Amino acid sequence: MQGWKKGVKMRLQNMFKKTGERENPVRKGRLRRRPEAPEGLLKKCNKCGAAILSEEVINGAYICPKCHGYFRVPAYKRIEMIADEGSFEEWDMDLDGMDGPPDPLQFKGYSEKIKKLREQTGLKEAVVTGRVKINGKQAVIGVCDGRFMMASMGYAVGEKITRAVEHATNENLPVILFTCSGGARMQEGIISLMQMEKTSAALKRHSDAGLLYVTVLTDPTTGGVTASFAMLGDIIIAEPQALIGFAGPRVIEQTIGEKLPEGFQRAEFLLEHGFVDQIVKRENMKPVLGRILKMHDHVHPDCRKGKEIRKSDRTEPVQKAGMTEKKAGKKAAEQEPWSEKSLTAWERVCRSRSKERPVGKDYIDILFEDFVELHGDRYYRDDPAIIGGIAYFQGICVTVIAQAKGRTTKENLERNFAMPSPEGYRKARRLMKQAEKFHRPVINFVDTPGAFCGMEAEERGQGEAIARNLFELSGLKVPVLSVVIGEGGSGGALALAVADEVWMLENSVYSVLSPEGFASILWKDSSRSAEAAKMMKLTAADLKKLGVIERVFPEPQNFSVLTMKPTAELLRAGLAEFLTKYQKLETKDLLEGRYERFRKL
């Protein structure tokens, strides 16, 4: 009896640290190894300890059915999971380390280990590359396989990835790389280190050609791979709970002499700290990648630079079919008459701050389709005070950015009452530069009391972050529109309002600082804020007369999400006109017009 228990225990050890597989149709004729997870054999999950059937795991996207923990996926199985059936064409399948510097260190046992792994896995090296279709969209793909020396990067891995990227550049194709690696391959010494630069240089050329690069970080992604091609994606996706970092956790703990906190270096940690755009579950990976590819398809008519918005593309802004957008706007204006003369400047300030007023996310939801939110500044943190991403406006790919107030006190605390920190402005700048690369117009929604004033904001360079936005926006080579939908507080608002046109809603405000601050500084009496508001000329009507803004849009007297549709329809019509007008301009004329707009103020 004791011997039987011992035998079962031995079979349950090390479940899926190296994952077996069945015959895979992605690559016919490749070597098959003896599976480590035979069909029907009861195994022990090395994450939760539950007894599970290996076949159930393999058929379930390599996810534990008990704890839903993720196991590593063999490269060909990964491709099968995301590729359109029969679309994968493998490249450089016979390339191995012998094509480059042969065992540069003559490291004892290295060649024998490589040979053994090839027999066990059926792979020549630790990455599989080729061309693929995902939801009908072509891409170049590379998938690291952790079974082969933990997908460490030596000459062959670096060469295969570099060749794949070069092919993609020559054929104007996007690149998707699934990373899983222990880093550089120590057995190849300095040659391994050089692969970091080689792959990065190839990706720079690919980027300079205006092409999309997406990385999908899987568990684990560490070392030289993290410090090269893994973190260079235009869009960086991670699987849940993936370990991602430069130095391994044990190395860090040994260096600092402390135990690391729970969740350190996991995907969720990197999302919070601004280094990952999205965390995507395995079952959602194909649709998410397909959606991203469609939005960046350079030959897709929806995303062409300079495409004129056709009436057939548009969402009709009113119930009556066939009504033009100008008529729709007129009808909406008639339904909700202006109240310009009936409110004081201070009353408009109060309305701009109303808790019932629609916030940035509401405008994204009502005006745009298929919004894909992207996170992080790639330096320090993701700032919830600013949300941004890619969306469609009536068939046109655009980048949308909004200063985001919350609907509840809890949400406002999470979003810091829409007072961005430096990382928020840097996130916005990253998304705007990304829009420039892919020829997407930028639509900004401004609604902030001002940039966050705090010690940590100063430590991280609040002034520099705002200044850099002004600098970059002035020369951004795509149309930029900014709409003040609530409060436009000082430089914190201006950092998203350097645009070809600036619009305001009727009861929004835009000023050098708050009326309370104005009264306190100039009169040493904050109770005179109503008087200050009148003097400051901060209303939409005042700023239109001053030439600071181009358009003013009416809003209902009781403005809320429930009553915002007429105003939204006016904005929809205006956005269509703006895009039709500005996407036709040559870059030189676009930038000259933006420069002169501010030059005359």
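Nothing here was measured: the structure is a model prediction, and the numbers come from that model. Positions are given from 1 along the sequence.
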Exercise for the section: Could you please spell out the steps behind the side chain to side chain contact (heavy atoms under 4.5 Å, CB included) verdict for Leu476 and Val442? Expected result: CA-CA 9 Å; Leu476 204 70; Val442 175; 4.0 Å; yes
Problem - Crowding at CD, Glu85 (>12 non-hydrogen neighbours, <6.0 Å) - result: no
Practice task
Using a strict cut-off of less than 4.0 Å between a Lys/Arg side-chain nitrogen and an Asp/Glu carboxylate oxygen, indicate whether Arg426 and Glu464 qualify as a salt bridge.
Solution key: yes
Exercise for the section: Decide whether Lys198 and Gln195 meet the rule of one side-chain donor and one side-chain acceptor closer than 3.5 Å. Expected result: yes
Problem - Audit row: Phe269, Leu271, side chain to side chain contact (heavy atoms under 4.5 Å, CB included) steps and yes/no - result: CA-CA 5 Å; Phe269 176 88; Leu271 180 69; over 6 Å; no
Handout entry: Test item: Leu123 and Val128 side chains (from C-beta on) under 4.5 Å apart, heavy atoms
Key = yes
Handout entry: Side-chain donor-acceptor pair present, Glu268, Gln241, cut-off under 3.5 Å
Key = yes
Practice task
Measure from the side-chain N and O atoms of Lys437 to the backbone N and O of Leu211, and report whether any donor-acceptor pair falls under 3.5 Å.
Solution key: yes
Practice task
May I ask you to decide if Gly406's main-chain N or O and Arg415's side chain share a donor-acceptor pair within less than 3.5 Å?
Solution key: no
Exercise for the section: Would you mind checking if Asp377 and Arg430 are paired as a salt bridge, meaning a charged N to carboxylate O distance below 4.0 Å? Expected result: no
Problem - Under 3.5 Å donor-acceptor, Ser228 side chain and Met196 backbone - result: no
Practice task
Assess whether side chain to side chain contact (heavy atoms under 4.5 Å, CB included) is satisfied between Phe71 and Lys47, documenting all intermediate values.
Solution key: CA-CA 9 Å; Phe71 301 120; Lys47 298 177 182 296; 3.9 Å; yes
Exercise for the section: Return yes if some donor-acceptor pair links the side-chain N/O of Asp382 with the main-chain N/O of Gly274 below 3.5 Å, else return no. Expected result: no
Practice task
Look at Arg429 together with Glu472 and state whether they make a salt bridge at an N to O cut-off of under 4.0 Å.
Solution key: no
Exercise for the section: Check the surroundings of atom NZ in Lys286: do more than 12 heavy atoms from other residues, nucleotides or ligands lie under 6.0 Å from it? Expected result: yes
Problem - Salt bridge present between Glu125 and Lys160 (N-O < 4.0 angstrom) - result: no
Exercise for the section: Please check if atom CD in Glu456 has more than 12 non-hydrogen atoms from other residues, nucleotides or ligands closer than 6.0 Å. Expected result: yes
Practice task
Please check if the side chain of Thr221 supplies one atom and the backbone of Leu217 the other of a donor-acceptor pair under 3.5 Å.
Solution key: no
Handout entry: Arg163/Glu159 salt bridge by N-O under 4.0 Å criterion
Key = yes
Fill in the blank from the handout: Here the gap from Glu411 atom CD to Glu414 atom CD, rounded to the nearest 0.5 Å, amounts to 6.5 Å
Exercise for the section: Considering only NZ, NE, NH1 and NH2 on the basic side and carboxylate oxygens on the acidic side, decide whether Glu253 and Arg250 come within less than 4.0 Å. Expected result: no
Handout entry: Validation row: Ser421, Arg460 side chains within 4.5 angstrom (heavy atoms)
Key = yes
Handout entry: Lys/Arg-Asp/Glu bridge criterion (N-O < 4.0 Å) met for Arg205, Glu166
Key = no
Handout entry: From NZ (Lys113) to CZ (Phe107), nearest 0.5 Å
Key = 9.0 Å
Handout entry: Tyr76 and Glu90 side chains, donor-acceptor separation under 3.5 Å
Key = yes
Exercise for the section: Would you confirm whether Tyr70, through its side chain, and Arg282, through its main-chain N or O, come within 3.5 Å as a donor-acceptor pair? Expected result: yes
Practice task
Answer whether the closest heavy-atom distance between the side chains of Leu289 and Lys137 falls below 4.5 Å.
Solution key: no
Exercise for the section: Would you indicate whether the side-chain heavy atoms of Ile401 and Ile387 approach each other to under 4.5 Å? Expected result: no
Exercise for the section: For Gln265 and Ala247, indicate whether the former's side chain and the latter's backbone hold a donor-acceptor pair under 3.5 Å. Expected result: yes
Completion exercise
Scanning both residues in full, the closest heavy-atom pair of Glu436 with Val478 reads CA-CG1, 3.9 Å
Practice task
Go through the steps to decide whether Ile235 and Leu374 satisfy the test side chain to side chain contact (heavy atoms under 4.5 Å, CB included), and finish with yes or no.
Solution key: CA-CA 8 Å; Ile235 296 175; Leu374 304 176; 4.3 Å; yes
Practice task
Return the minimal non-hydrogen interatomic distance between Arg291 and Phe371, and the atom names on each side.
Solution key: NH2-O, 3.3 Å
Exercise for the section: Answer yes or no: are there more than 12 heavy-atom neighbours, outside Phe264 itself, under 6.0 Å from its atom CZ? Expected result: yes
Handout entry: Side-chain touch Tyr425/Gln462, heavy atoms, less than 4.5 angstrom
Key = yes
Handout entry: Which atom of Gln138 lies closest to which atom of Leu173, heavy atoms considered
Key = CB-CD2, 3.9 Å
Handout entry: Side-chain donor or acceptor of Asp219 paired with backbone N/O of Leu243 under 3.5 Å
Key = yes
Exercise for the section: For the residue pair Trp91 and His167, categorise the inter-ring angle as parallel (less than 30°), tilted (30 to 60°) or perpendicular (more than 60°). Expected result: tilted
Handout entry: Check: Ser181 side chain, Ala151 main-chain N or O, donor-acceptor pair, under 3.5 Å
Key = yes
Exercise for the section: Scan side-chain atoms only and decide if Arg440 and Thr399 contain a donor-acceptor pair under the 3.5 Å cut-off. Expected result: yes
Problem - Exercise: identify the closest heavy-atom pair between Met231 and Thr226 - result: CG-O, 2.9 Å
Handout entry: Value rounded to 0.5 Å, distance of CG in Leu203 from OG1 in Thr215
Key = 9.5 Å
Problem - Audit row: Lys116, Glu119, salt bridge (charged side-chain N to carboxylate O under 4.0 Å, His left out) steps and yes/no - result: CA-CA 5 Å; Lys116 184 178 180 181; Glu119 293 173 352; over 6 Å; no
Exercise for the section: Report yes if some heavy atom in the side chain of Val127 is under 4.5 Å from a heavy atom in the side chain of Ile161; otherwise report no. Expected result: yes
Practice task
Taking all heavy atoms of Cys45 and all of Cys64, pick out the closest pair and write down the distance.
Solution key: SG-SG, 3.8 Å
Practice task
Supply the atom-to-atom distance Asp145 CG to Arg147 CZ, rounded to the nearest 0.5 angstrom.
Solution key: 4.0 Å
Practice task
Examine distances only and state if a side-chain atom of Thr121 and a backbone atom of Leu117 form a donor-acceptor pair shorter than 3.5 Å.
Solution key: yes
Handout entry: Side-chain touch Thr222/Phe246, heavy atoms, less than 4.5 angstrom
Key = no
Practice task
Have a look at Glu239 and tell me which of Arg78, Arg266, Arg72 forms a salt bridge (Lys or Arg N to Asp or Glu O under 4.0 Å) with it.
Solution key: Arg78
Exercise for the section: Any chance you could measure Ile176, atom CD1, to Tyr213, atom OH, to the nearest 0.5 Å? Expected result: 10.5 Å
Exercise for the section: Indicate yes or no: at least one non-hydrogen side-chain atom of Val214 is less than 4.5 angstrom from one of Leu293. Expected result: no
Exercise for the section: Please report the closest heavy-atom contact between Ala168 and Pro174, naming both atoms and the distance. Expected result: CB-O, 4.5 Å
Problem - Separation between CG of Asp234 and CG of Leu431, rounded to the nearest 0.5 Å - result: 11.0 Å
Handout entry: Side chains of Tyr110 and Glu188, donor plus acceptor under 3.5 Å
Key = yes
